[in-house]
Amino acid sequence: MRKPVSAANWKMHKTSGEASAFVEELRSKILDEPQVDIILCASSTVLFHIGTGPNESAIQFGAQNCHWENEGAFTGEVSPEMILDCGAQWVIVGHSERRHLFGETDEDVARKFSAAVSAGLRPILCIGETLDERQSGSTSEVIKRQLSAVISQTEEEAFDQAVIAYEPVWAIGTGITADTSQIEEAHQIIRDFIMNKDEKLATEIRILYGGSVKPGNAAELIGIEGVDGFLVGGASLSVDSFMEITQGISDHYDKG
Ligand code: 13P
């Protein structure tokens, strides 16, 4: 069975004091061995503070972006090695805000994915269509294009370490969640696409949903076929709501 994931993407929020307080409170509330992989993706400036703290707890840490080189003249960028050095195990690549606000191309995302895996980081690969793309009927094509760009640049084994997050751009931070059939269909497209390349990987890889996940809809969303957890933005900023979502995932799996 695929272990479910509850991942927080804090985006450009939280100073080191706020992040440390969050981690401390979360640590006090979770079990030593939770049934869910709990990953906090923080800004690079706070990652070192939280990533190098007491490590016996079950919380894992991630960055929200990386460069594809490990060092060099790339002012303002952070490399996979630097992220590892902060005690993080994960990095988000291809988040829609990076693609759409900062012009990252499919090729950039593929290079970041490869560099992350080569450095020993585990990528959370974000893919998803815009509203225009959905309305023009090209959701499937967009998802396959985004996946294909990464798969063509990477050894298939690299995906063993990865998680995919399906995040329709129009559902991010808007309060609008995709409906059950839209999510189920998109997850199926992703799994089928991978199935054509590698059957074992397709059954093992975890595919998360992201876009306006909150305590009030988590229980319903986790019940959708093929959804292995969430990448949560706004509702991950408070320990209570992030815990409630994580608990919702855990309860669902307990019920079998
Ligand atoms: P929201 O949960 O705020 O919609 O953000 C989703 C997201 O972008 C997570 O990466």
Side-chain angles (χ1 to χ4, degrees), residues 1-11 14 19 21-42 47 50-51 53-64 87-93 95 121-126 159-167 171-172 177-178 180 183-184 186-187 190-191 201-256:
M1 197 184 72
R2 300 185 292 264
K3 188 173 185 191
V5 178
S6 183
N9 175 9
W10 287 341
K11 308 192 179 184
K14 296 198 188 293
F22 184 108
V23 171
E24 205 174 309
E25 190 182 342
L26 187 63
R27 275 205 174 104
S28 71
K29 292 187 170 166
I30 57 175
L31 303 171
D32 287 340
E33 288 186 35
Q35 304 302 304
V36 181
D37 273 342
I38 298 173
I39 307 168
L40 303 180
C41 297
L47 210 45
I50 55 178
N55 243 348
E56 73 281 8
S57 97
I59 305 172
Q60 304 167 53
F61 298 99
Q64 298 170 8
Q89 302 94 318
W90 294 89
V91 60
I92 297 175
V93 295
H95 191 278
L121 281 173
R122 307 187 66 180
I124 300 175
L125 171 65
C126 295
F159 269 83
D160 291 350
Q161 295 303 313
V163 162
I164 295 174
Y166 169 63
E167 299 205 309
I172 295 178
T177 32
T180 304
I183 297 173
E184 190 172 331
H187 280 235
I190 296 166
R191 222 174 275 286
L201 178 64
T203 55
E204 289 177 355
I205 196 158
R206 291 165 305 168
I207 306 177
L208 316 183
Y209 169 75
S212 299
V213 176
K214 40 189 182 283
N217 60 20
E220 184 191 341
L221 293 172
I222 197 63
I224 299 173
E225 180 73 30
V227 172
D228 300 309
F230 304 125
L231 181 55
V232 187
S236 73
L237 293 174
S238 111
V239 175
D240 286 346
S241 60
F242 182 61
M243 267 308 290
E244 224 178 297
I245 291 167
T246 307
Q247 193 59 49
I249 300 173
S250 195
D251 291 348
H252 174 79
Y253 279 79
D254 278 351
K255 276 191 248 147

- Message: Apply side chain to side chain contact (heavy atoms under 4.5 Å, CB included) to residues Lys214 and Glu244 and explain how you reach the verdict.
- Response: CA-CA 9 Å; Lys214 40 189 182 283; Glu244 224 178 297; over 6 Å; no

- Message: For the backbone of Lys3 and the side chain of Arg206, can you confirm whether one donor and one acceptor N or O come within less than 3.5 Å of each other?
- Response: yes

- Query: Is there side-chain contact between Ile222 and Val227, with heavy atoms separated by less than 4.5 Å?
  - Reply: yes

- Verdict with supporting geometry, Ile124 and Val93, side chain to side chain contact (heavy atoms under 4.5 Å, CB included): CA-CA 6 Å; Ile124 300 175; Val93 295; over 6 Å; no

- Message: Can you confirm whether the side chains of Arg122 and Gln89 place a donor and an acceptor under 3.5 Å from each other?
- Response: no

- How far apart are the closest heavy atoms of Thr177 and Gly211, and which atoms are they? CG2-O, 3.1 Å

- Asp228 side chain vs Ile164 backbone, donor-acceptor pair below 3.5 Å: no

- Item | Any side-chain heavy-atom pair of Leu40 and Leu26 under 4.5 Å | yes

- Report yes or no: does Ser241 contribute a side-chain atom to a donor-acceptor pair with the main-chain N or O of Pro215 at less than 3.5 Å? no

- Task: Indicate whether the side chain of Gln60 and that of Asp37 have a donor and an acceptor atom separated by less than 3.5 Å.
- Result: yes

- Message: If you define the side chain from C-beta out and look only at heavy atoms, does anything of Ser236 sit under 4.5 Å from Trp10?
- Response: yes

- Task: Could you label the plane-to-plane angle of the Phe242 and Phe22 rings as parallel, tilted or perpendicular, counting under 30° as parallel and over 60° as perpendicular?
- Result: tilted

- Fit a plane to each ring of Tyr209 and Tyr166, take the angle between them on a 0 to 90° scale, and name the class: parallel (under 30°), tilted (30 to 60°) or perpendicular (over 60°). tilted

